[in-house]
Protein chains: 2
Amino acid sequence: MTPTDHELLAHAVAAAREGRAEGGIPIGAALVVDGEVLAVGHNRRVQLGSPILHGETDCLANAGRLPASVYARATMVTTLSPCDMCTGAILLYGIPRVVIGENRTFYGGEDYLRSRGVEVVVLDDAECVRLMTEFIAAEPELWNEDIGEE
Amino acid sequence: MTPTDHELLAHAVAAAREGRAEGGIPIGAALVVDGEVLAVGHNRRVQLGSPILHGETDCLANAGRLPASVYARATMVTTLSPCDMCTGAILLYGIPRVVIGENRTFYGGEDYLRSRGVEVVVLDDAECVRLMTEFIAAEPELWNEDIGEE
């Protein structure tokens with residue numbers, strides 16, 4: 001049976017929790033193709049000192065080099081509304097569908113994705129909101145750094 | 001003396017050549033702050049098997065974690081018009097100025113950058129055009145993979 005979006009989100013949430021357990025920022029992602037999870041990833045700013053490893057980009061890196069025909073059948077599942085960089089990565093590779101856990105704690109490039117023809121689904125998941133709310137309260141400076149704000 | 005944009009571009013071109021010498025895609029970038037080159041980078045899709053290490057993102061990764069106040073004074077210098085992902089990375093970190101070697105062989109997110117308030121300068125540099133023209137002729141499939149096309 002094809003997994004539901006909520007079932008797919010569970011993989012991204014697990015990746016986000018793993019990131020937090022490592023002392024990092026709790027945002028995770030999963031790249032899903034034909035109902036199968038091809039790769040997961042999570043924000044690794046803290047763990048690897050990298051400003052480009054957000055949940056979605058880490059996931060794309062973990063998936064490795066793929067032909068356009070695979071991205072064209074993919075869904076990017078992410079716990080949080082994608083930032084401009086991750087929005088751009090989704091557009092670069094022509095990923096046609098994005099499933100977002102929540103957009104209450106951060107509202108990213110959803111409108112731009114839609115304007116470029118990407119299907120965007122927001123699940124408004126309570127556990128995703130809780131993960132980010134607790135993290136932002138605990139480490140506001142780290143969070144601001146991750147989204148390019150003072 | 002403050003270096004000119006053409007002088008800054010030379011750092012990105014050197015990085016692009018280094019990438020080609022490694023068997024990779026000849027696109028390079030430099031992050032410049034207050035006239036000083038803070039970091040350089042080049043596309044490492046081939047070298048590291050990574051779909052997220054374009055010239056600009058590799059450069060940002062090499063620069064490491066920076067406060068927003070540094071990005072706010074930065075110029076991203078790149079040999080080629082930035083793709084959607086690199087456009088998004090520039091926007092995420094609020095980099096206010098982008099210097100582009102050329103946009104003849106690929107036209108990226110320049111209009112979107114401008115619409116978001118970023119200053120974009122295109123130098124139309126013959127050496128940058130030559131590097132990409134020769135590369136695309138030699139390895140068209142690799143190039144298409146890098147820009148998410150068949």
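All chains are named by letter (A, B, ...) in the order of the sequence lines, taking the proteins before the strands, and each is independently numbered beginning at 1.
- Contacts of B:Leu142 with chain A are made by side-chain atoms alone, with heavy-atom separations under 4.5 Å and no backbone atom involved.
- When hydrophobic clusters are built by joining Ile, Leu, Val, Met, Phe, Trp and Tyr residues whose side-chain heavy atoms come closer than 4.5 Å, directly or via intermediates, A:Met76 is grouped together with A:Leu38.
- No path of Ile, Leu, Val, Met, Phe, Trp and Tyr side chains, each step under 4.5 Å between heavy atoms, connects B:Val120 with B:Ile27, placing them in separate hydrophobic clusters.
- When the candidates B:Gly108, B:Gly148, B:Pro51 are compared by the number of heavy-atom contacts under 4.5 Å with chain A, B:Pro51 comes out ahead.
- The hydrophobic cluster containing A:Phe106 does not contain A:Val118, counting ILVMFWY residues as joined when their side-chain heavy atoms lie under 4.5 angstrom apart, directly or transitively.
- A continuous path of hydrophobic side-chain contacts links A:Ile136 to A:Ile147 [ILVMFWY only; heavy atoms under 4.5 Å].
- Annotation for B:Val121: hydrophobic cluster partners, listed by chain and number, are B:Leu8, B:Leu9, B:Val13, B:Val32, B:Val37, B:Val40, B:Val77, B:Val99, B:Leu123, B:Leu131 (ILVMFWY side-chain heavy atoms under 4.5 Å, direct or chained).
- Atom CD1 of residue B:Ile52 and atom CD1 of residue A:Ile52 lie 4.0 Å apart, to the nearest 0.5 angstrom.
- Cluster membership check: A:Leu92 shares its hydrophobic cluster with B:Val98, using side-chain heavy-atom separations under 4.5 Å among Ile, Leu, Val, Met, Phe, Trp and Tyr.
- From B:Leu91, atom CG reaches atom SG of A:Cys83 across 10.0 Å, with rounding to the nearest 0.5 Å.
- Taken to the nearest 0.5 Å, the CG atom of A:Leu60 stands 8.5 Å off from the CE atom of B:Met85.
- Of the atoms belonging to B:Leu53, it is side-chain heavy atoms, and not backbone ones, that fall under 4.5 Å from chain A.
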Is there any N or O donor on one of chain A and chain B with an acceptor on the other under 3.5 Å, and could you list each such pair with its distance?
| unit_1 | atom_1 | unit_2 | atom_2 | d |
| --- | --- | --- | --- | --- |
| A:Arg45 | NH2 | B:Tyr93 | OH | 2.5 |
| A:Pro51 | O | B:Tyr93 | OH | 2.6 |
| A:Arg65 | NE | B:Glu145 | OE2 | 2.7 |
| A:Arg65 | NH2 | B:Glu145 | OE1 | 3.2 |
| A:Ser69 | N | B:Glu150 | OE2 | 3.1 |
| A:Asp84 | OD1 | B:Arg116 | NH1 | 3.2 |
| A:Asp84 | OD2 | B:Arg116 | NH2 | 2.8 |
| A:Met85 | N | B:Gly88 | O | 3.4 |
| A:Gly88 | O | B:Met85 | N | 3.4 |
| A:Tyr93 | OH | B:Arg45 | NH2 | 2.5 |
| A:Tyr93 | OH | B:Pro51 | O | 2.6 |
| A:Arg116 | NH1 | B:Asp84 | OD1 | 3.2 |
| A:Arg116 | NH2 | B:Asp84 | OD2 | 2.8 |
| A:Glu145 | OE1 | B:Arg65 | NH2 | 3.2 |
| A:Glu145 | OE2 | B:Arg65 | NE | 2.7 |
| A:Glu150 | OE2 | B:Ser69 | N | 3.1 |

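- For B:Val70, no part lies under 4.5 angstrom from a heavy atom of chain A.
- Of the residues considered (A:Ala72, A:Gly64, A:Ala63), A:Gly64 shows the highest number of contacts with chain B, using heavy-atom pairs under 4.5 Å.
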